Trainee: 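Attaching a single structure in structure tokens format; questions to follow.
Convention: sequence-line order gives letters A, B, ...; per-chain numbering from 1. This is a predicted model, so every value here is computed, not measured. The analysis underlying the following values was restricted to heavy atoms, covering all of them including side chains, and did not include hydrogens, waters or symmetry mates.
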Amino acid sequence: MLETMFGTLYTLLSTPAYMGLMLVAVLIGIWVGLTPGIGGKLSIALAIPFIYGWQAIPGAIFLLTMHAVNGTSGQISSIMFGVPGDGDDAATVLDGYPMAKRGEAGRALGASMTASGVGGIIGAIVFALMIPVLEPVVLAFSPAEFFLLALLGITFIAFLAGGGGMLKGIVVGLFGMMLATVGMDPQTGTARFAGEQIFLWDGISLVTAVLAIFAVPEMIALGVQGGSISAVPMQTAKVSYRQLLGGVLEVPRHWWLVIRTSVIGAVIGMIPGLGGSAAAWFCYGHAVQTSRTPERFGKGAVEGVIAPETASNAKEGGSLLPTLFFGIPGSSGMAILLGAFLILGIQPGPTLISDNLNLVWMLIWALVVGNVMAVAILLVFARWAAILTFVRGEFLIPFVLTMCVFGSFVNEAQWQNLVVLALLSAIGYGLLSADWPRAPFAIGLVLGGIAEESLHKALALWGPGFFLRPLSLVLIGLIALTIGWAIYSGVRRRRAGQLESLST
Amino acid sequence: MLVNRRVAFTLVMLAILVAMVGMAARYPPDARFMPWVLGIPAIALCLLQLGRDLRAARRAAGEAQGERRTVRREAAMWAYFLGLVGGILFFGFFLAVPVFLLVFLRQWARASWPLALGLVAATSVIYYLVFVQGLNVALHQGFVTQYVLERFAE
């Protein structure tokens, strides 16, 4: 174990190709985090065509590093302009923006970037520590449990949508799984939903589907909405190095808070469906509760910047755990990453621990080294990086759309995929504009094939009573609990709304 | 308005699911098993969602719509995207992509001629180097372009 652990670190650091790839991935990740309109999910979807044909390890390192450093740069707009890049950064606004308004933007940025980097590293360490504990648990899973795990994954991700969105999320997840059945049925050799279209016999291209459901609708929505992220004058984007250094030193000064929130973030990341926003808000609350001067929070307390940033980046390490070992993505970004891993030939599941521990360690080290690189680069270039948030959406759209069509075509070199891209984009835009969650679709499409194969195997082994196995019953219980909790929260929210309207 | 955007989309989803379940009925039992296991509950849940959307639409009926501008911009964006896809299918990547970039940057993004031309040239070179030289992909030539080239070759 120790040999693999340090051997992979040595390989990573001593292979110029890996380090070069990571540097490129970090730069792209930072750019994606800073630029309005391109989220972490979108960046993975757009990067898939470029890693097509790569070997598993460099491809996975590239994508994971790019995804992991998104959050580190995303906080710049939260702090400087009060505009969070995504849900994970929203908690940072509460104290980061007041700090910027009183002229301490540099201190807030220094603290948040360092905290984010340290959080990412501690998250990876927590993940690494879990490996020996997990091995026997993961190996106890059979085909019956893997079928139920696929359903659980969709339920968890649908739960992310919250309240009434859960129903839509489950429908979208099942639809994704239905689309995974397009093509030649492995049991009977029947061409399902493919008719005479031979290009569909291998199924719908995952890259095309992901681009159509996430990237194209996002760009069309950006075009409809128009404008850039900030209405603040560009002069506001200036920060001094002295302030940045002061902020960096705040992290060791609050080391105990950093460790606590990182561990909490990593653990929240391991629970599929809770996501980065939950980690950030939970740890923000924790920082307020444990502070001796809670009245400073919301007015520019540096701990209010450190706590959510460490948590939201530490959760990346944690969410990698269910993604890799159970095939259940810990977050929507991980759902697309999971699809990309499949394209690279990495089959998530219990065998990763026994057969491919090298890859697992390589990914852990990629998280650590990638975060160190991102923090170093951002601290040097933060002064200029903020300017990227002023890019107008209209200038991004044509380039992202052309990358989508290239990506869709390059994957299989079939022009028909462009037609599929256009059709699925219409569904993707419908999902977006009607406020349906899209992440369950990606999970459904990715896990559909595995679920079908597992279901057939489970039926062959144990018959229809396969779901009475103890572990299966636990998973069914978890699915029921998730759905029950969503219904209960929905009812409670509705009642609270009714009471509020009665009182006003 | 009873049928708003959300109701319409739920109906579309329902139609797709019903069509898929219906198509699966023609397959052998083992082949239709999974589509039915997934599709039938999905239809039931979609009907439930439709009920919720209709109730919400009835409550929202009479509220100001004011989304004509949004629809116009959506139509324009879709025209650009479908134009790009159609352009590639008929005229190929080498012609359609630079033309699309130039038209979009000039018309939609209101970029100046030098900026638009510079961006188009730089992007085309990058795409060529990455996809044609780097990844060795034989990009689609386009049906019309291919036909014309074959005619010229004769």
Trainee: Determine whether R32(B) and D185(A) make a side-chain contact, defined as any pair of heavy atoms from C-beta on separated by less than 4.5 Å.
Mentor: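 Heavy-atom side-chain distance check fails, nothing below 4.5 Å.
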Trainee: Would you say the side chain of M13(B) lies within less than 4.5 Å of the side chain of W436(A), judging by non-hydrogen atoms?
Mentor: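 Side-chain contact under 4.5 Å: yes.
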Trainee: Is it the side chain or the backbone of L418(A) that comes within 4.5 Å of chain B heavy atoms, both, or neither?
Mentor: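 For L418(A), the contact with chain B is made by backbone and side chain together.
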Trainee: Any side-chain heavy atom of K168(A) sitting closer than 4.5 Å to one from R6(B)?
Mentor: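 They are in contact (side-chain heavy atoms under 4.5 Å apart), so the answer is yes.
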Trainee: Counting only heavy atoms closer than 4.5 Å, note whether A426(A) contacts chain B via side chain, backbone, both or neither.
Mentor: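 Answer is both: backbone and side chain atoms of A426(A) are under 4.5 Å from chain B.
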Trainee: Mind checking the CG-CZ spacing from L101(B) to F399(A)? Nearest 0.5 Å is all I need.
Mentor: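 These two atoms lie 5.5 Å from each other.
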Trainee: Select one option (side chain, backbone, both, neither) describing which atoms of S425(A) are under 4.5 Å from chain B's heavy atoms.
Mentor: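 It is both, since atoms from each part get that close.
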Trainee: So which of V12(B), L17(B), V37(B) has the biggest tally of heavy-atom pairs under 4.5 Å with chain A?
Mentor: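 Highest number of heavy-atom pairs under 4.5 Å: L17(B).
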Trainee: May I ask you to name which of F104(B), F100(B), F9(B), F93(B) has the most heavy-atom pairs under 4.5 Å with chain A?
Mentor: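 Of the options given, most contacts go to F9(B).
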Trainee: Go through the steps for V137(B) and F409(A) under the test side-chain contact (heavy atoms from CB on, under 4.5 Å), then give the verdict.
Mentor: CA-CA 9 Å; V137(B) 180; F409(A) 180 81; 4.1 Å; yes
Trainee: How long is the straight-line distance from CZ of F90(B) back to CH2 of W415(A), given to the nearest 0.5 Å?
Mentor: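 Those atoms lie 9.0 Å apart.
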Trainee: Write down the atom of F81(B), the atom of A422(A), and the distance for their closest heavy-atom approach.
Mentor: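 Answer, listing the atom of F81(B) first, then A422(A): CE2-CA, 4.0 Å.
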Trainee: Is the side chain of R192(A) donor-acceptor paired with the backbone N or O of A31(B) at a distance under 3.5 Å, no angle test?
Mentor: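 Checking the backbone N and O of A31(B) against the side chain of R192(A), a donor-acceptor pair under 3.5 Å is found.
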Trainee: Is it the case that over 12 heavy atoms from other parts of the model lie below 6.0 angstrom from the CD atom of Q133(B)?
Mentor: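 Buried by this count: over 12 neighbours within 6.0 Å.
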Trainee: In Å and rounded to the nearest 0.5 Å, what is the NE2 to CD distance from H140(B) to Q414(A)?
Mentor: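 Here the rounded value is 11.5 Å.
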Trainee: Heavy-atom distances under 4.5 Å only: say whether T402(A) touches chain B with side chain, backbone, both or neither.
Mentor: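 Looking at T402(A), backbone and side chain both touch chain B.
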Trainee: Quick one: which of V103(B), L82(B), D30(B) has the most heavy-atom pairs under 4.5 Å with chain A, could you say?
Mentor: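 Option with the top pair count is D30(B).
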Trainee: Chain A heavy atoms under 4.5 Å from I16(B): which part of the residue, side chain, backbone, both or neither?
Mentor: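 Answer is side chain: those atoms of I16(B) sit under 4.5 Å from chain A.
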Trainee: Do other residues, nucleotides or ligands put more than 12 heavy atoms under 6.0 Å from the CZ atom of F143(B)?
Mentor: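 Check passes, neighbour count above 12.
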Trainee: With no hydrogens and no angle check, is any side-chain donor or acceptor of Y27(B) less than 3.5 Å from a backbone partner on F193(A)?
Mentor: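 Between the backbone of F193(A) and the side chain of Y27(B) there is a qualifying donor-acceptor contact (under 3.5 Å).
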Trainee: Using heavy-atom distances under 4.5 Å, tell me whether I88(B) contacts chain A through its side chain, its backbone, both, or neither.
Mentor: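 When you check distances to chain A, only side chain atoms of I88(B) fall under 4.5 Å.
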Trainee: Taking every non-hydrogen pair under 4.5 Å, which of L421(A), T190(A), T181(A) racks up the most with chain B?
Mentor: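 Heavy-atom pair counts peak at T190(A).
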Trainee: Please state whether the rings of F33(B) and H456(A) are parallel, tilted or perpendicular, taking 30° and 60° as the class boundaries.
Mentor: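 Rings of F33(B) and H456(A): tilted, 30 to 60°.
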Trainee: With under 30° as parallel and over 60° as perpendicular, where do the rings of F131(B) and F406(A) fit, or are they tilted in between?
Mentor: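 F131(B) vs F406(A) ring planes: parallel.
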Trainee: If I measure from the heavy atoms of chain A, does Y127(B) come under 4.5 Å with its side chain, its backbone, both, or neither?
Mentor: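 It is the side chain, since no backbone atom gets that close.
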Trainee: Does any part of the side chain of L38(B), heavy atoms only, come nearer than 4.5 Å to the side chain of F175(A), both counted from C-beta?
Mentor: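 The answer is no, as the side chains (C-beta and beyond) never meet within the 4.5 Å cut-off.
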Trainee: Any chance you could measure M34(B), atom CE, to E453(A), atom CD, to the nearest 0.5 Å?
Mentor: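 If we round to the nearest 0.5 Å, M34(B):CE and E453(A):CD are 11.0 Å apart.
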Trainee: Please rank V130(B), I43(B), T10(B) by heavy-atom pairs under 4.5 Å with chain A and give me the top one.
Mentor: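 Among the listed options, the one with the most contacts to chain A is T10(B).
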Trainee: For M77(B) and I397(A), which heavy atoms make the closest approach, and how far apart are they?
Mentor: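 Smallest interatomic distance, heavy atoms only, reads CE-CG2, 3.6 Å.
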Trainee: Sort A24(B) into side chain, backbone, both or neither according to what part of it lies under 4.5 angstrom from a heavy atom of chain A.
Mentor: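 The answer is both parts of A24(B).
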Trainee: Can you tell me how far apart SG (C46(B)) and CG (L174(A)) are? Round to the nearest 0.5 Å.
Mentor: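 It is 10.0 Å, given to the nearest 0.5 Å.
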Trainee: So for A221(A), is it side chain, backbone, both, or neither that comes closer than 4.5 Å to the heavy atoms of chain B?
Mentor: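 Looking at A221(A), nothing touches chain B.
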Trainee: Can you find a heavy atom in the side chain of Y80(B) that is under 4.5 Å from one in the side chain of L401(A)?
Mentor: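 Side-chain contact under 4.5 Å: no.
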Trainee: Quick one: what part of L48(B) sits under 4.5 Å from any heavy atom of chain A, side chain, backbone, both or neither?
Mentor: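 L48(B) touches chain A through backbone and side-chain heavy atoms alike.
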Trainee: Do you know which of I220(A), V171(A), V419(A) has the most heavy-atom pairs under 4.5 Å to chain B?
Mentor: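 Greatest number of close heavy-atom pairs with chain B: I220(A).
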